[in-house]
**Q** 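Structure below; questions to follow.
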Amino acid sequence: MSEFRRILLFYSGQNKNDKDKIHFFKIIKPKFTSKLIYFKKVRKLETRKSLGSKRIQREYLDSELNKLNINFTENIEFYNYYR
């Protein structure tokens, strides 16, 4: 994260031209941010997962998957726009 902050400050500073800034904020930063969001969600899933039986773990993961599907369905226009 500290390395990313350093790069972010470098690209947002006055010493870069507009073309470099656009490339960074349009291409590089979204890729990093999407991976950060993904791994934070995976970590949250794993840390909240029950230590119970396989059935209980399966029910928990199915419940979380349903939440993701609902979120995807509610925001389908955004996903289509982004693609």
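Numbers here are sequence positions counted from 1.
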**Q** For Asn66 and Asp62, test the side chains for any donor-to-acceptor distance below 3.5 angstrom and give the result as yes or no.
**A** no
**Q** Kindly compute the distance separating CZ (Arg55) from OG (Ser50), expressed to the nearest 0.5 Å.
**A** 10.5 Å
**Q** If you round to the nearest 0.5 Å, how far is CD1 of Ile70 from CG of Leu65?
**A** 10.0 Å
**Q** Does any non-hydrogen side-chain atom of Lys49 lie less than 4.5 Å from one of Leu45?
**A** no
**Q** For residues His23 and Lys19, determine if any side-chain heavy atom of one lies less than 4.5 Å from a side-chain heavy atom of the other.
**A** no
**Q** So which atom in Glu74 and which in Glu77 form the shortest heavy-atom distance, rounded to 0.1 Å?
**A** O-OE1, 4.0 Å
**Q** Mark yes or no for whether Asn75, through its side chain, and Asn71, through its backbone, hold a donor-acceptor pair below 3.5 Å.
**A** yes
**Q** Can you name the nearest heavy-atom pair linking Tyr60 to Arg48, along with the distance?
**A** OH-CB, 3.3 Å
**Q** Judged by atom type as modelled, is there a donor-acceptor pair below 3.5 Å linking the side chain of Thr73 to the main-chain atoms of Asn69?
**A** yes
**Q** Charged N to carboxylate O below 4.0 Å: is that the case for Arg43 and Glu46?
**A** no
**Q** Are Phe25 and Ile22 grouped together when hydrophobic residues (ILVMFWY) are joined by side-chain heavy atoms under 4.5 angstrom apart?
**A** no
